[in-house]
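Read through the structure below, which is laid out as structure tokens, and then see the notes.
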Amino acid sequence: MNTKIEYLYRDAGNYKKYNTAIICGEITQEQVDTIIDCLDCREWFIPEQVGLPAERLEEFSFDSDEDHPFLELRKNDFSLTEDAPDCDITVEELVVNFKKAKGQWYLDDFGW
């Protein structure tokens with residue numbers, strides 16, 4: 001069993017791009033709670049910083065004065081699946097990465 005994570009990019013105009021990643025292993029409720037506690041304002045994160053892929057809107061609709069590198073993640077965005085992983089990261093590694101990023105979400109690498 002693996003873990004499916006769904007997360008959302010929303011730009012300043014409220015245009016949305018949904019993202020999904022499947023990682024190796026079953027996530028526990030305690031691990032979900034730990035991840036949520038690490039998010040900026042308990043909602044925002046930069047996927048690339050924790051080892052997850054991210055798709056944002058096409059460049060033509062991106063406004064660097066109003067948009068940001070953060071995606072949204074909530075408690076109910078985690079589910080178990082029998083689908084094969086499409087990311088080279090385990091649940092345990094993901095939790096460690098979120099703990100490292102807590103309070104240190106970086107923007108410089110994205111030009112903000």
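The first residue of the sequence shown is numbered 1, and numbering continues consecutively from there.
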- Task: Look at the side-chain heavy atoms of Ile, Leu, Val, Met, Phe, Trp and Tyr, link any pair under 4.5 Å apart, and say whether Val96 and Leu73 land in one connected group.
- Result: no

- Closest contact, heavy atoms only, Asp77 versus Arg74: OD2-N, 2.7 Å

- Item | Under-4.0 Å salt bridge between Arg56 and Glu48 | yes

- Note on the structure: d(Cys41 SG, Phe70 CZ) to nearest 0.5 Å is 8.5 Å

- Query: What do the steps show when you test Leu39 against Trp44 for side-chain contact (heavy atoms from CB on, under 4.5 Å), and what is the final call?
  - Reply: CA-CA 5 Å; Leu39 302 174; Trp44 303 95; 5.8 Å; no

- Side chains of Gln31 and Thr28: is there a donor and an acceptor less than 3.5 Å apart? yes

- Task: Decide if atom CD of Gln29 counts as having more than 12 heavy atoms of other residues, nucleotides or ligands within a radius under 6.0 Å.
- Result: yes

- Task: With side-chain contact (heavy atoms from CB on, under 4.5 Å) as the test, would you mind laying out the steps for Leu71 and Ile46 before giving the verdict?
- Result: CA-CA 6 Å; Leu71 278 75; Ile46 300 172; over 6 Å; no

- Message: If I take atom CD from residue Glu93 and atom SG from residue Cys87, how far apart are they, to the nearest 0.5 angstrom?
- Response: 11.5 Å

- Query: Transitive ILVMFWY cluster of Leu80 at side-chain heavy atoms under 4.5 Å: who else is in it?
  - Reply: Met1

- Note on the structure: Heavy-atom closest pair (Pro47 atom, Pro69 atom, distance to 0.1 Å) is CD-O, 4.4 Å

- Message: Walk me through whether Ile89 and Asn97 qualify under side-chain contact (heavy atoms from CB on, under 4.5 Å).
- Response: CA-CA 10 Å; Ile89 190 168; Asn97 291 350; 3.4 Å; yes

- Task: Test Tyr9 against every option in Glu72, Glu55, Lys17 by the side chain to side chain contact (heavy atoms under 4.5 Å, CB included) rule and name the one that passes.
- Result: Lys17

- Task: Any chance you could lay out the side-chain contact (heavy atoms from CB on, under 4.5 Å) test for Thr20 and Lys4, step after step, and finish with the verdict?
- Result: CA-CA 7 Å; Thr20 302; Lys4 180 179 178 180; 3.6 Å; yes

- Reported CZ-to-CD distance for the pair Phe98 and Gln49, which is rounded to 0.5 angstrom: 9.5 Å

- Is Thr3 close to Ile22 at the side-chain level, that is, under 4.5 Å between some pair of heavy atoms? no

- Do Leu52 and Tyr18 share a hydrophobic cluster (ILVMFWY, side-chain heavy atoms under 4.5 Å, transitive)? no

- ILVMFWY network linking Ile36 to Val91, side-chain heavy atoms under 4.5 angstrom: yes

- Message: Quick check: Phe45 with Tyr7 (ring centres under 6.0 Å apart)?
- Response: yes

- Task: Output the distance between atom OG1 (Thr90) and atom CD (Glu92), rounded to the nearest 0.5 Å.
- Result: 4.5 Å

- Does the distance from a Lys or Arg side-chain N to an Asp or Glu carboxylate O, for Asp37 and Lys102, drop under 4.0 Å? yes

- Message: Check Asp33 with Lys75, please: is the shortest side-chain N to carboxylate O separation under 4.0 Å?
- Response: yes

- Query: So does Asn76 have more than 12 non-hydrogen atoms from other groups sitting under 6.0 Å from CG?
  - Reply: yes

- Heavy atoms of Ile23 and Asn2 approach each other most closely as O-CB, 3.2 Å

